[in-house]
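We name chains A, B, ... by the order of the sequence lines, and we start the count at 1 in each one.
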Amino acid sequence: MTFIRRLLALHALWVVISLPSLPALFTWPAEFWSGARSNVALRYLWVFPASVEWILYVTLVVALILAIIGIAPRAASVSAALLLYHFTPLEDVWIGSPGPYMRGLTADVLGMCLAGCAPAKATWPILLVRLSVAFPYFFSTIAKLYTTGPEWFAGSNVRDMALIFQAVGSTSFADLVIRSPLLAWTIGVGWFAVSVGMLAASFSRRVAALVVPAAAVAHLAAIPLFGVIWIAAPLLLVFLPLPQPSETENSSAQRQSA
Amino acid sequence: MSLIRLGVFVVFAALCIGAAAMADRPRGRLLRWLVTTYFLVASAAAGLAQRDLWPFSGYPVIAESSSRWREAVWYSMFTIESGGGESPLAADAIAPLRRSVLEKWIERTFVHLPEQQKRRAASWIVARANQPATWTNVSPLGPLSAPDWLVRPGPARATARGMVVGIRVYEYRVGGRSMVYEYKP
(Lines give C-alpha, C1' and ligand atoms only; values in the text may rest on other atoms or scores of the structure.)
Protein backbone atom coordinates (compact mmCIF):
# COMPACT_ATOMS: atom_id res chain seq x y z
CA MET A 1 0.00 0.00 0.00
CA THR A 2 2.98 2.30 0.58
CA PHE A 3 3.80 2.26 -3.13
CA ILE A 4 0.21 3.05 -4.08
CA ARG A 5 -0.08 5.85 -1.51
CA ARG A 6 3.12 7.41 -2.83
CA LEU A 7 2.00 7.04 -6.44
CA LEU A 8 -1.39 8.66 -5.78
CA ALA A 9 0.17 11.50 -3.79
CA LEU A 10 2.87 12.09 -6.39
CA HIS A 11 0.29 12.20 -9.18
CA ALA A 12 -1.94 14.60 -7.25
CA LEU A 13 1.05 16.78 -6.36
CA TRP A 14 2.00 16.95 -10.05
CA VAL A 15 -1.44 18.29 -10.97
CA VAL A 16 -1.67 20.63 -7.96
CA ILE A 17 1.78 22.18 -8.44
CA SER A 18 1.01 22.64 -12.13
CA LEU A 19 -1.73 25.07 -11.03
CA PRO A 20 0.11 27.06 -8.34
CA SER A 21 -2.50 29.81 -8.16
CA LEU A 22 -5.71 27.79 -8.28
CA PRO A 23 -7.20 29.50 -5.18
CA ALA A 24 -6.93 32.83 -7.04
CA LEU A 25 -10.05 31.75 -8.95
CA PHE A 26 -12.08 32.51 -5.81
CA THR A 27 -11.30 36.19 -6.35
CA TRP A 28 -12.06 36.32 -10.08
CA PRO A 29 -14.94 38.63 -11.09
CA ALA A 30 -18.53 37.49 -10.58
CA GLU A 31 -19.00 37.20 -14.35
CA PHE A 32 -16.85 34.09 -14.37
CA TRP A 33 -18.92 32.52 -11.61
CA SER A 34 -22.29 33.33 -13.14
CA GLY A 35 -22.46 29.98 -14.96
CA ALA A 36 -21.98 27.95 -11.77
CA ARG A 37 -24.92 26.00 -10.40
CA SER A 38 -26.56 27.35 -7.28
CA ASN A 39 -25.44 25.83 -3.96
CA VAL A 40 -22.23 24.56 -5.52
CA ALA A 41 -20.25 26.43 -2.85
CA LEU A 42 -21.97 24.38 -0.17
CA ARG A 43 -21.23 21.10 -1.92
CA TYR A 44 -17.48 21.73 -2.06
CA LEU A 45 -17.31 23.78 1.16
CA TRP A 46 -16.19 26.97 -0.55
CA VAL A 47 -17.15 29.01 2.46
CA PHE A 48 -13.81 30.43 3.56
CA PRO A 49 -12.20 33.81 2.83
CA ALA A 50 -9.65 33.83 -0.01
CA SER A 51 -6.73 34.10 2.43
CA VAL A 52 -7.86 30.89 4.16
CA GLU A 53 -8.16 29.16 0.78
CA TRP A 54 -4.49 29.96 0.09
CA ILE A 55 -3.51 28.47 3.46
CA LEU A 56 -5.57 25.36 2.66
CA TYR A 57 -3.88 25.04 -0.74
CA VAL A 58 -0.42 25.19 0.84
CA THR A 59 -1.65 22.65 3.42
CA LEU A 60 -2.69 20.38 0.55
CA VAL A 61 0.81 20.55 -0.95
CA VAL A 62 2.40 19.83 2.45
CA ALA A 63 0.00 16.93 3.10
CA LEU A 64 0.83 15.38 -0.29
CA ILE A 65 4.57 15.72 0.38
CA LEU A 66 4.17 14.13 3.82
CA ALA A 67 2.19 11.27 2.25
CA ILE A 68 4.99 10.73 -0.27
CA ILE A 69 7.84 10.73 2.24
CA GLY A 70 5.84 8.75 4.79
CA ILE A 71 5.59 11.16 7.71
CA ALA A 72 2.21 10.70 9.46
CA PRO A 73 1.05 9.03 6.24
CA ARG A 74 -2.50 8.24 7.36
CA ALA A 75 -3.33 11.73 8.59
CA ALA A 76 -1.56 13.25 5.58
CA SER A 77 -3.47 11.02 3.13
CA VAL A 78 -6.91 11.74 4.58
CA SER A 79 -6.16 15.48 4.85
CA ALA A 80 -4.99 15.50 1.24
CA ALA A 81 -8.14 13.65 0.12
CA LEU A 82 -10.42 16.16 1.85
CA LEU A 83 -8.52 19.12 0.39
CA LEU A 84 -8.45 17.58 -3.10
CA TYR A 85 -12.23 17.20 -2.86
CA HIS A 86 -12.38 20.89 -1.94
CA PHE A 87 -10.17 22.22 -4.76
CA THR A 88 -10.46 19.81 -7.70
CA PRO A 89 -13.87 20.96 -9.03
CA LEU A 90 -12.89 24.64 -8.94
CA GLU A 91 -12.54 25.20 -12.68
CA ASP A 92 -15.28 22.92 -13.91
CA VAL A 93 -18.19 24.47 -12.01
CA TRP A 94 -17.91 27.52 -14.27
CA ILE A 95 -18.76 25.54 -17.36
CA GLY A 96 -21.67 23.41 -16.13
CA SER A 97 -19.52 20.32 -16.48
CA PRO A 98 -21.02 17.19 -14.91
CA GLY A 99 -17.86 16.92 -12.82
CA PRO A 100 -14.12 17.52 -12.83
CA TYR A 101 -13.49 14.31 -14.71
CA MET A 102 -10.84 15.67 -17.06
CA ARG A 103 -8.70 17.15 -14.26
CA GLY A 104 -7.36 13.65 -13.57
CA LEU A 105 -7.83 13.78 -9.79
CA THR A 106 -11.06 11.83 -9.24
CA ALA A 107 -9.43 8.51 -8.40
CA ASP A 108 -6.85 10.35 -6.27
CA VAL A 109 -9.58 11.72 -3.97
CA LEU A 110 -10.99 8.26 -3.24
CA GLY A 111 -7.57 6.60 -3.31
CA MET A 112 -6.01 8.98 -0.78
CA CYS A 113 -8.99 8.40 1.53
CA LEU A 114 -8.43 4.65 1.27
CA ALA A 115 -4.67 5.06 1.72
CA GLY A 116 -5.43 6.88 4.95
CA CYS A 117 -7.36 4.00 6.44
CA ALA A 118 -5.32 1.09 5.11
CA PRO A 119 -3.38 -1.14 7.47
CA ALA A 120 0.15 -1.61 6.10
CA LYS A 121 -0.22 -5.25 5.09
CA ALA A 122 -3.89 -5.31 4.04
CA THR A 123 -4.74 -6.15 0.44
CA TRP A 124 -8.38 -4.99 0.37
CA PRO A 125 -7.51 -1.26 0.11
CA ILE A 126 -5.29 -2.04 -2.89
CA LEU A 127 -8.25 -3.69 -4.59
CA LEU A 128 -10.49 -0.69 -3.85
CA VAL A 129 -7.87 1.77 -5.16
CA ARG A 130 -7.58 -0.29 -8.33
CA LEU A 131 -11.36 -0.22 -8.65
CA SER A 132 -11.38 3.56 -8.19
CA VAL A 133 -9.01 3.78 -11.18
CA ALA A 134 -10.97 1.18 -13.18
CA PHE A 135 -14.49 2.54 -12.53
CA PRO A 136 -14.05 5.66 -14.69
CA TYR A 137 -13.30 3.40 -17.66
CA PHE A 138 -16.18 1.06 -16.94
CA PHE A 139 -18.79 3.66 -15.99
CA SER A 140 -17.88 5.90 -18.92
CA THR A 141 -18.79 2.91 -21.08
CA ILE A 142 -22.12 2.62 -19.23
CA ALA A 143 -22.67 6.34 -19.90
CA LYS A 144 -21.94 5.87 -23.61
CA LEU A 145 -24.30 2.91 -23.81
CA TYR A 146 -27.06 4.85 -21.99
CA THR A 147 -26.62 8.03 -24.00
CA THR A 148 -25.81 6.73 -27.48
CA GLY A 149 -25.95 2.95 -27.46
CA PRO A 150 -23.51 0.36 -28.80
CA GLU A 151 -23.08 2.44 -31.97
CA TRP A 152 -20.83 4.82 -29.96
CA PHE A 153 -18.09 2.23 -30.44
CA ALA A 154 -18.74 1.81 -34.18
CA GLY A 155 -16.06 2.87 -36.63
CA SER A 156 -18.34 5.54 -38.13
CA ASN A 157 -18.76 7.28 -34.75
CA VAL A 158 -15.02 7.11 -34.04
CA ARG A 159 -14.39 8.68 -37.46
CA ASP A 160 -16.93 11.45 -36.78
CA MET A 161 -15.28 12.10 -33.42
CA ALA A 162 -11.92 12.45 -35.17
CA LEU A 163 -13.57 14.92 -37.58
CA ILE A 164 -14.70 17.06 -34.63
CA PHE A 165 -11.27 17.10 -32.99
CA GLN A 166 -9.69 17.87 -36.35
CA ALA A 167 -12.09 20.76 -36.90
CA VAL A 168 -11.39 22.12 -33.41
CA GLY A 169 -7.70 22.06 -34.25
CA SER A 170 -6.57 19.83 -31.41
CA THR A 171 -4.92 17.28 -33.69
CA SER A 172 -3.04 17.12 -36.97
CA PHE A 173 -3.18 13.34 -37.29
CA ALA A 174 -6.94 12.74 -37.21
CA ASP A 175 -6.75 12.00 -40.93
CA LEU A 176 -5.33 8.59 -40.11
CA VAL A 177 -8.60 7.68 -38.37
CA ILE A 178 -10.83 9.51 -40.83
CA ARG A 179 -9.39 7.73 -43.87
CA SER A 180 -9.07 4.25 -42.41
CA PRO A 181 -12.32 2.48 -41.42
CA LEU A 182 -10.20 -0.41 -40.17
CA LEU A 183 -8.31 1.84 -37.76
CA ALA A 184 -11.55 3.53 -36.65
CA TRP A 185 -13.20 0.17 -35.96
CA THR A 186 -10.08 -1.09 -34.16
CA ILE A 187 -10.15 1.98 -31.91
CA GLY A 188 -13.89 1.63 -31.21
CA VAL A 189 -13.90 -2.10 -30.47
CA GLY A 190 -10.53 -1.93 -28.71
CA TRP A 191 -11.68 0.88 -26.44
CA PHE A 192 -14.82 -1.03 -25.51
CA ALA A 193 -12.71 -4.08 -24.63
CA VAL A 194 -10.26 -2.00 -22.57
CA SER A 195 -13.02 -0.11 -20.72
CA VAL A 196 -14.84 -3.28 -19.71
CA GLY A 197 -11.62 -5.22 -19.16
CA MET A 198 -10.30 -2.67 -16.65
CA LEU A 199 -12.87 -3.88 -14.14
CA ALA A 200 -11.60 -7.45 -14.45
CA ALA A 201 -8.02 -6.16 -14.31
CA SER A 202 -8.66 -5.08 -10.73
CA PHE A 203 -9.19 -8.71 -9.72
CA SER A 204 -6.88 -10.64 -12.05
CA ARG A 205 -3.16 -10.17 -12.64
CA ARG A 206 -3.44 -12.00 -15.96
CA VAL A 207 -6.18 -9.72 -17.24
CA ALA A 208 -4.29 -6.69 -15.93
CA ALA A 209 -1.16 -7.79 -17.80
CA LEU A 210 -3.19 -7.68 -21.01
CA VAL A 211 -5.59 -4.77 -20.49
CA VAL A 212 -3.48 -2.19 -18.65
CA PRO A 213 -0.72 -1.96 -21.32
CA ALA A 214 -3.49 -1.74 -23.93
CA ALA A 215 -5.05 1.17 -22.01
CA ALA A 216 -1.64 2.88 -21.80
CA VAL A 217 -1.14 2.49 -25.56
CA ALA A 218 -4.68 3.82 -26.18
CA HIS A 219 -3.99 6.92 -24.06
CA LEU A 220 -0.70 7.55 -25.87
CA ALA A 221 -2.35 7.08 -29.27
CA ALA A 222 -5.21 9.42 -28.34
CA ILE A 223 -2.81 12.37 -28.04
CA PRO A 224 -1.80 12.58 -31.73
CA LEU A 225 -5.01 11.06 -33.13
CA PHE A 226 -7.60 13.08 -31.16
CA GLY A 227 -5.61 15.66 -29.19
CA VAL A 228 -6.99 14.25 -25.95
CA ILE A 229 -4.75 13.75 -22.90
CA TRP A 230 -5.93 11.48 -20.07
CA ILE A 231 -4.26 13.14 -17.09
CA ALA A 232 -5.04 10.17 -14.82
CA ALA A 233 -3.10 7.79 -17.10
CA PRO A 234 -0.09 7.55 -14.72
CA LEU A 235 -2.45 5.96 -12.19
CA LEU A 236 -2.48 2.83 -14.35
CA LEU A 237 0.68 2.00 -12.38
CA VAL A 238 -1.57 0.95 -9.45
CA PHE A 239 -2.11 -2.26 -11.43
CA LEU A 240 1.56 -3.20 -11.23
CA PRO A 241 1.83 -6.59 -9.54
CA LEU A 242 2.74 -5.80 -5.95
CA PRO A 243 4.25 -8.47 -3.70
CA GLN A 244 1.61 -9.79 -1.31
CA PRO A 245 2.47 -9.38 2.39
CA SER A 246 2.83 -13.15 2.76
CA GLU A 247 5.25 -13.25 -0.20
CA THR A 248 7.33 -10.45 1.32
CA GLU A 249 7.44 -12.23 4.66
CA ASN A 250 8.40 -15.53 3.00
CA SER A 251 11.21 -13.97 0.98
CA SER A 252 12.65 -12.15 3.99
CA ALA A 253 12.42 -15.38 6.02
CA GLN A 254 14.28 -17.18 3.24
CA ARG A 255 16.97 -14.50 3.22
CA GLN A 256 17.37 -14.77 6.97
CA SER A 257 17.65 -18.59 6.91
CA ALA A 258 20.19 -18.36 4.04
CA MET B 1 -29.19 18.18 -3.21
CA SER B 2 -25.76 19.76 -2.73
CA LEU B 3 -25.83 18.71 0.93
CA ILE B 4 -26.71 15.12 0.00
CA ARG B 5 -23.84 15.00 -2.51
CA LEU B 6 -21.46 16.47 0.05
CA GLY B 7 -22.79 13.98 2.60
CA VAL B 8 -22.07 10.98 0.36
CA PHE B 9 -18.38 11.88 0.33
CA VAL B 10 -18.19 13.02 3.95
CA VAL B 11 -19.65 9.71 5.18
CA PHE B 12 -17.05 7.81 3.11
CA ALA B 13 -14.21 9.94 4.50
CA ALA B 14 -15.56 9.49 8.04
CA LEU B 15 -15.71 5.72 7.61
CA CYS B 16 -12.10 5.73 6.34
CA ILE B 17 -10.95 7.81 9.31
CA GLY B 18 -12.89 5.51 11.68
CA ALA B 19 -11.36 2.41 10.10
CA ALA B 20 -7.88 3.91 10.52
CA ALA B 21 -8.51 4.85 14.15
CA MET B 22 -9.90 1.42 15.03
CA ALA B 23 -7.51 -0.61 12.91
CA ASP B 24 -6.25 -2.67 15.88
CA ARG B 25 -9.55 -2.99 17.71
CA PRO B 26 -12.31 -5.59 17.25
CA ARG B 27 -14.61 -2.98 15.67
CA GLY B 28 -11.93 -2.23 13.07
CA ARG B 29 -12.95 -5.25 11.03
CA LEU B 30 -16.58 -4.08 10.94
CA LEU B 31 -15.49 -0.62 9.81
CA ARG B 32 -13.28 -2.06 7.07
CA TRP B 33 -16.25 -4.05 5.86
CA LEU B 34 -18.37 -0.88 5.97
CA VAL B 35 -15.75 1.11 3.98
CA THR B 36 -15.65 -1.58 1.30
CA THR B 37 -19.42 -1.94 1.06
CA TYR B 38 -20.01 1.80 1.08
CA PHE B 39 -17.38 2.36 -1.63
CA LEU B 40 -18.94 -0.29 -3.87
CA VAL B 41 -22.55 0.83 -3.30
CA ALA B 42 -21.80 4.53 -3.80
CA SER B 43 -19.72 3.81 -6.92
CA ALA B 44 -22.46 1.59 -8.35
CA ALA B 45 -25.12 4.21 -7.56
CA ALA B 46 -23.13 6.89 -9.38
CA GLY B 47 -21.99 4.73 -12.27
CA LEU B 48 -24.94 2.49 -13.02
CA ALA B 49 -27.67 5.06 -12.34
CA GLN B 50 -25.51 7.84 -13.86
CA ARG B 51 -25.96 10.14 -10.86
CA ASP B 52 -23.65 13.04 -10.08
CA LEU B 53 -22.07 11.91 -6.81
CA TRP B 54 -18.50 13.00 -7.58
CA PRO B 55 -15.91 11.74 -6.62
CA PHE B 56 -18.00 8.59 -7.02
CA SER B 57 -18.38 8.92 -10.71
CA GLY B 58 -20.76 8.26 -13.53
CA TYR B 59 -18.18 9.64 -15.96
CA PRO B 60 -20.56 10.94 -18.65
CA VAL B 61 -17.63 12.29 -20.68
CA ILE B 62 -18.00 12.52 -24.46
CA ALA B 63 -20.85 10.01 -24.24
CA GLU B 64 -22.85 11.61 -27.05
CA SER B 65 -22.82 10.38 -30.63
CA SER B 66 -20.54 12.37 -32.91
CA SER B 67 -22.76 11.88 -35.96
CA ARG B 68 -23.83 15.56 -35.89
CA TRP B 69 -20.23 16.74 -36.09
CA ARG B 70 -21.09 19.23 -38.83
CA GLU B 71 -23.18 21.18 -36.26
CA ALA B 72 -20.27 21.55 -33.82
CA VAL B 73 -19.78 25.09 -32.48
CA TRP B 74 -16.83 26.28 -30.43
CA TYR B 75 -15.30 29.58 -29.42
CA SER B 76 -11.88 31.13 -29.13
CA MET B 77 -10.57 34.39 -27.67
CA PHE B 78 -7.92 36.56 -29.33
CA THR B 79 -6.06 39.59 -28.05
CA ILE B 80 -5.89 42.78 -30.12
CA GLU B 81 -2.46 44.38 -30.03
CA SER B 82 -1.70 48.12 -30.19
CA GLY B 83 -0.41 47.70 -33.75
CA GLY B 84 -3.77 46.34 -34.83
CA GLY B 85 -2.78 42.70 -35.13
CA GLU B 86 -4.40 39.91 -33.19
CA SER B 87 -3.15 36.66 -31.67
CA PRO B 88 -4.66 33.83 -29.62
CA LEU B 89 -4.96 34.69 -25.94
CA ALA B 90 -1.78 33.49 -24.21
CA ALA B 91 -2.23 30.71 -21.65
CA ASP B 92 -0.51 32.66 -18.88
CA ALA B 93 -2.96 35.55 -19.28
CA ILE B 94 -5.77 33.35 -17.98
CA ALA B 95 -3.80 31.04 -15.67
CA PRO B 96 -4.71 29.10 -13.60
CA LEU B 97 -7.72 28.68 -15.87
CA ARG B 98 -7.08 26.20 -18.68
CA ARG B 99 -7.73 27.19 -22.27
CA SER B 100 -10.32 24.43 -22.70
CA VAL B 101 -12.24 25.74 -19.67
CA LEU B 102 -12.07 29.35 -20.89
CA GLU B 103 -13.44 28.37 -24.29
CA LYS B 104 -16.26 26.36 -22.73
CA TRP B 105 -16.96 29.28 -20.38
CA ILE B 106 -17.26 31.59 -23.41
CA GLU B 107 -19.77 29.18 -24.96
CA ARG B 108 -21.79 28.48 -21.80
CA THR B 109 -21.66 31.87 -20.10
CA PHE B 110 -19.83 34.76 -21.77
CA VAL B 111 -21.84 35.00 -24.99
CA HIS B 112 -25.07 35.03 -22.95
CA LEU B 113 -24.00 37.76 -20.51
CA PRO B 114 -25.56 41.24 -20.70
CA GLU B 115 -23.34 43.77 -22.51
CA GLN B 116 -22.19 45.52 -19.34
CA GLN B 117 -21.01 42.26 -17.76
CA LYS B 118 -19.32 41.24 -20.99
CA ARG B 119 -17.34 44.50 -20.95
CA ARG B 120 -16.38 44.03 -17.30
CA ALA B 121 -15.09 40.50 -17.94
CA ALA B 122 -13.31 41.59 -21.14
CA SER B 123 -11.58 44.57 -19.50
CA TRP B 124 -10.43 42.31 -16.67
CA ILE B 125 -8.93 39.85 -19.18
CA VAL B 126 -7.18 42.70 -21.03
CA ALA B 127 -5.69 43.90 -17.74
CA ARG B 128 -4.49 40.36 -16.96
CA ALA B 129 -2.95 40.02 -20.42
CA ASN B 130 -0.90 43.16 -19.78
CA GLN B 131 0.36 42.13 -16.34
CA PRO B 132 3.90 40.79 -16.08
CA ALA B 133 4.21 37.05 -15.63
CA THR B 134 4.67 36.00 -12.01
CA TRP B 135 4.82 32.70 -10.16
CA THR B 136 1.04 32.85 -9.90
CA ASN B 137 0.50 32.33 -13.60
CA VAL B 138 3.50 30.21 -14.54
CA SER B 139 3.78 26.60 -13.39
CA PRO B 140 7.10 25.88 -11.65
CA LEU B 141 7.22 22.57 -13.53
CA GLY B 142 7.48 24.28 -16.93
CA PRO B 143 7.02 21.84 -19.80
CA LEU B 144 6.60 18.99 -17.31
CA SER B 145 3.37 20.51 -15.96
CA ALA B 146 0.13 18.56 -16.06
CA PRO B 147 -1.33 19.56 -19.43
CA ASP B 148 -4.83 20.65 -20.35
CA TRP B 149 -6.89 17.59 -21.29
CA LEU B 150 -7.50 18.95 -24.79
CA VAL B 151 -4.55 19.95 -26.94
CA ARG B 152 -5.32 23.48 -28.15
CA PRO B 153 -3.25 25.73 -30.36
CA GLY B 154 -2.03 28.99 -28.86
CA PRO B 155 1.02 30.50 -27.17
CA ALA B 156 1.92 29.65 -23.58
CA ARG B 157 3.13 33.16 -22.83
CA ALA B 158 2.26 36.59 -24.13
CA THR B 159 5.04 38.02 -26.25
CA ALA B 160 4.68 41.74 -25.56
CA ARG B 161 3.31 42.94 -22.22
CA GLY B 162 1.42 46.20 -22.19
CA MET B 163 0.54 45.89 -25.86
CA VAL B 164 -2.90 44.33 -25.53
CA VAL B 165 -5.63 46.88 -26.17
CA GLY B 166 -8.67 44.66 -26.55
CA ILE B 167 -10.08 41.22 -27.19
CA ARG B 168 -12.10 39.53 -29.89
CA VAL B 169 -14.23 36.43 -29.50
CA TYR B 170 -14.78 34.22 -32.52
CA GLU B 171 -17.44 31.60 -33.02
CA TYR B 172 -16.18 28.64 -35.03
CA ARG B 173 -18.21 26.25 -37.11
CA VAL B 174 -16.99 23.51 -39.41
CA GLY B 175 -17.36 25.89 -42.37
CA GLY B 176 -15.45 28.84 -40.89
CA ARG B 177 -15.49 31.48 -38.17
CA SER B 178 -17.26 34.72 -37.42
CA MET B 179 -16.55 37.41 -34.82
CA VAL B 180 -19.25 37.52 -32.15
CA TYR B 181 -17.74 40.06 -29.76
CA GLU B 182 -15.08 42.76 -29.74
CA TYR B 183 -13.88 44.82 -26.78
CA LYS B 184 -11.77 47.88 -27.56
CA PRO B 185 -12.08 50.58 -24.89
Nearest-0.5 Å distance that lies between atom [atom1] in [X] and atom [atom2] in [Y]:
X        : Y        : atom1 : atom2 : result
A/Ser132 : B/Phe39  : OG    : CZ    : 5.0 Å
B/Ile62  : A/Thr147 : CD1   : OG1   : 12.0 Å
B/Trp69  : A/Ile164 : CH2   : CD1   : 8.5 Å
A/Ser34  : B/Trp105 : OG    : CH2   : 7.0 Å
B/Ile106 : A/Ile95  : CD1   : CD1   : 11.5 Å

Looking at every heavy atom in both [X] and [Y], which two are closest together, and how far apart are they?
X        : Y        : value
B/Pro96  : A/Leu22  : CG-CA, 3.7 Å
B/Pro60  : A/Ala143 : CA-CB, 3.7 Å
B/Cys16  : A/Cys117 : O-CB, 2.8 Å
B/Ser66  : A/Asp160 : O-CB, 3.2 Å
A/Trp94  : B/Thr109 : O-OG1, 3.7 Å
A/Ile231 : B/Ala146 : CG2-CB, 4.5 Å

### Message
Which residue is it: A/Thr171, A/Val228, A/Ile229? I am looking for the one with a side-chain contact (heavy atoms from CB on, under 4.5 Å) to B/Val151.
### Response
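Testing B/Val151 for a side-chain contact (heavy atoms from CB on, under 4.5 Å) against A/Thr171, A/Val228, A/Ile229 leaves exactly one candidate, A/Ile229.
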
### Query
How are the rings of A/Tyr85 and B/Phe9 set to each other: parallel, tilted or perpendicular (split at 30° and 60°)?
parallel

#### Entry: Stepwise side chain to side chain contact (heavy atoms under 4.5 Å, CB included) check, B/Arg5 with A/Tyr44
CA-CA 9 Å; B/Arg5 288 171 174 150; A/Tyr44 300 114; over 6 Å; no

Which one of [options] has the most heavy-atom pairs closer than 4.5 Å to chain B?
options                             : result
A/Trp152, A/Phe135, A/Phe32         : A/Phe32
A/Ser140, A/Gly149, A/Ser156        : A/Ser140
A/Thr88, A/Leu42, A/Val168, A/Asn39 : A/Val168
A/Val15, A/Leu114, A/Thr141         : A/Leu114
A/Gln166, A/Glu151, A/Arg103        : A/Arg103

### Message
Can a donor-acceptor pair be found, under 3.5 Å and without considering hydrogens, that links the side chain of A/Trp14 to the backbone of B/Leu144?
### Response
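A pair under 3.5 Å: yes.
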
### Message
Can a donor-acceptor pair be found, under 3.5 Å and without considering hydrogens, that links the side chain of A/Glu91 to the backbone of B/Arg98?
### Response
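At least one qualifying donor-acceptor pair exists.
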
#### Entry: Stepwise side chain to side chain contact (heavy atoms under 4.5 Å, CB included) check, B/Leu97 with A/Trp28
CA-CA 11 Å; B/Leu97 207 61; A/Trp28 279 34; 3.8 Å; yes

With respect to chain A, which residue among [options] yields the maximal number of heavy-atom pairs within a distance under 4.5 Å?
options                               : answer
B/Leu48, B/Val35, B/Val10, B/Leu40    : B/Leu48
B/Glu64, B/Arg70, B/Arg32             : B/Arg32
B/Ala13, B/Ser76, B/Ser65, B/Ala19    : B/Ser65
B/Ala72, B/Ala44, B/Gly58, B/Ser100   : B/Gly58
B/Lys118, B/Gln117, B/Arg68, B/His112 : B/Gln117

Side chain to side chain, [X] and [Y], heavy atoms closer than 4.5 Å:
X        : Y        : value
B/Trp54  : A/Val109 : yes
A/Pro136 : B/Ser57  : no
A/Lys144 : B/Tyr59  : no
B/Pro140 : A/Pro20  : yes
B/Ser43  : A/Phe138 : no

### Query
Of the backbone (N, CA, C, O) and the side chain (C-beta and beyond), which part of A/Leu45 lies under 4.5 Å from a heavy atom of chain B, both, or neither?
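Just the side chain, heavy atoms under 4.5 Å.
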
### Query
Quick one: what part of A/Val40 sits under 4.5 Å from any heavy atom of chain B, side chain, backbone, both or neither?
backbone

Is it the case that atom [atom1] in [X] sees more than 12 heavy atoms from other parts of the structure closer than 6.0 Å?
X        : atom1 : value
A/Phe26  : CZ    : yes
B/Arg177 : CZ    : yes
B/Gln116 : CD    : no
B/Trp124 : CH2   : yes
B/Arg120 : CZ    : yes

### Query
Does the pair A/Arg43/B/Asp52 count as a salt bridge with the N-to-O cut at 4.0 Å?
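Here A/Arg43 pairs with B/Asp52 in a salt bridge, since their nearest N and O are under 4.0 Å apart.
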
### Query
What pairs meet the side-chain hydrogen bond (donor to acceptor under 3.5 Å, both in side chains) rule with one or both residues in residues 72-84 of chain A, with sequence neighbours excluded?
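Residue pairs with at least one partner in residues 72-84 of chain A: there are none.
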
### Query
Of the backbone (N, CA, C, O) and the side chain (C-beta and beyond), which part of B/Phe12 lies under 4.5 Å from a heavy atom of chain A, both, or neither?
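For B/Phe12, the contact with chain A is made by the side chain alone.
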
### Message
Quick check on B/Ile125 against chain A: is it the side chain, the backbone, both or neither that has a heavy atom closer than 4.5 Å?
### Response
side chain

### Query
Would B/Thr36 and A/Trp124 count as having a side-chain donor-acceptor pair, cut-off 3.5 Å?
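B/Thr36 vs A/Trp124: no donor-acceptor pair found between side chains.
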
